[in-house]
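Because only heavy atoms are used, hydrogens play no part in the values below, and waters and symmetry mates are left out as well, while side chains stay in. Just so you know, residue 1 is the first one in the sequence shown, and it goes up from there.
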Amino acid sequence: MVLSIRTATLEDVSLLNELACTTYRSHYGKIWISKREMEGYFDKEYSYEAIIKSLNDPGESWYLISEDKPIGFAKVIWESGIPGIDKSGVLLSKLYLNDAATGKGYGK
């Protein structure tokens, strides 16, 4: 399979929302004690409004990762403070892949 990565756009909001909720639940859903708190996290991070706001922020970028179809996404914050020092750098804020793509070395 050929892996492709492309910059996400406002046309991808629904797809990003679906991928985010599906992959996050699959990998991290069991560590949440409260389902209500996890749903609150989804509202804060992955609601349509939150994704649209982030896509419109010039300091943030989202990327869709695909094989034959979308398998995950990444979010980059281009200037983020580095704890403990007076510098900033690029932050890979999120990198989530679906279960079938996990373990193939794509995160490298």
Side-chain angles (χ1 to χ4, degrees):
M1 296 278 160
V2 175
L3 187 70
S4 66
I5 300 172
R6 71 168 176 84
T7 303
T9 68
L10 289 171
E11 293 176 4
D12 298 310
V13 170
S14 178
L15 177 57
L16 287 168
N17 170 270
E18 178 186 340
L19 284 168
C21 292
T22 301
T23 58
Y24 189 93
R25 274 190 182 94
S26 174
H27 293 292
Y28 302 109
K30 293 177 184 169
I31 66 171
W32 284 84
I33 295 169
S34 167
K35 182 177 179 178
R36 184 175 52 85
E37 287 180 2
M38 183 175 69
E39 294 303 324
Y41 174 77
F42 288 153
D43 288 343
K44 179 182 169 222
E45 294 288 322
Y46 302 125
S47 66
Y48 281 41
E49 295 80 16
I51 294 171
I52 290 168
K53 181 180 177 185
S54 181
L55 285 168
N56 283 322
D57 184 335
E60 300 179 8
S61 297
W62 291 69
Y63 298 92
L64 284 166
I65 305 163
S66 299
E67 287 178 329
D68 291 334
K69 62 182 181 177
I71 60 168
F73 68 95
K75 178 182 173 185
V76 173
I77 299 173
W78 293 106
E79 192 170 327
S80 179
I82 300 172
I85 62 172
D86 189 27
K87 293 189 182 230
S88 63
V90 175
L91 172 66
L92 176 58
S93 174
K94 302 177 186 317
L95 175 59
Y96 297 148
L97 300 172
N98 68 24
D99 287 342
T102 301
K104 293 185 176 182
Y106 291 153
K108 293 178 186 177

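- The side-chain contact (heavy atoms from CB on, under 4.5 Å) check on Glu39 picks up Arg25, Lys35, Phe42, with sequence neighbours excluded.
- Linking Ile, Leu, Val, Met, Phe, Trp and Tyr whenever their side-chain heavy atoms come within less than 4.5 Å leaves Ile5 and Ile51 in two separate clusters.
- Under the side chain to side chain donor-acceptor pair (under 3.5 Å) criterion, Ser26 pairs with Asp99, not counting sequence neighbours.
- There is no path of hydrophobic side-chain contacts, each under 4.5 Å, that joins Tyr24 to Tyr63.
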Can you give me every donor-acceptor pair (side chain of residues 75-90, partner residue at least two apart or in another chain, under 3.5 Å) with its distance?
{"residue": "Trp78", "atom": "NE1", "partner": "Ser61", "partner atom": "OG", "Å": "2.7"}

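- Closest approach of Ala101 and Ile71 over heavy atoms only: CB-CD1, 3.6 Å.
- The side chain to side chain donor-acceptor pair (under 3.5 Å) search around Asp12 returns Arg6, Thr9, not counting sequence neighbours.
- For the ring pair (Phe, Tyr, Trp, His ring centres under 6.0 Å) test, residues two or more places apart in sequence or in another chain that qualify with Phe73 are Trp62, Tyr96.
- Rounding to the nearest 0.5 Å places CD of Glu60 at 7.5 Å from OG of Ser93.
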Ignoring hydrogens and angles, write down the donor-acceptor pairs under 3.5 Å from the side chains of residues 14-23, residues two or more places apart or on other chains.
{"residue": "Ser14", "atom": "OG", "partner": "Tyr48", "partner atom": "OH", "Å": "3.1"}
{"residue": "Asn17", "atom": "ND2", "partner": "Tyr46", "partner atom": "O", "Å": "2.6"}
{"residue": "Thr22", "atom": "OG1", "partner": "Glu18", "partner atom": "O", "Å": "2.8"}
{"residue": "Thr23", "atom": "OG1", "partner": "Leu19", "partner atom": "O", "Å": "2.7"}

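- Tyr28 and Ile65 are assigned to two separate hydrophobic clusters, defined by single-linkage of ILVMFWY side chains at heavy-atom distances under 4.5 Å.
- Residues Lys94 and Tyr41 come closest through the heavy atom pair NZ-OH, 3.6 Å.
- Counting all heavy atoms, side chain and backbone alike, Pro70 lies closest to Asn98 at O-ND2, 4.3 Å.
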In sequence, state the C-alpha distance, the side-chain angles, and the governing distance for His27 and Thr102, and then conclude on side-chain contact (heavy atoms from CB on, under 4.5 Å). CA-CA 10 Å; His27 293 292; Thr102 301; 3.2 Å; yes

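- Looking at Ser66, its side chain never comes within 3.5 Å of a backbone N or O of Asp68 through a donor-acceptor pair.
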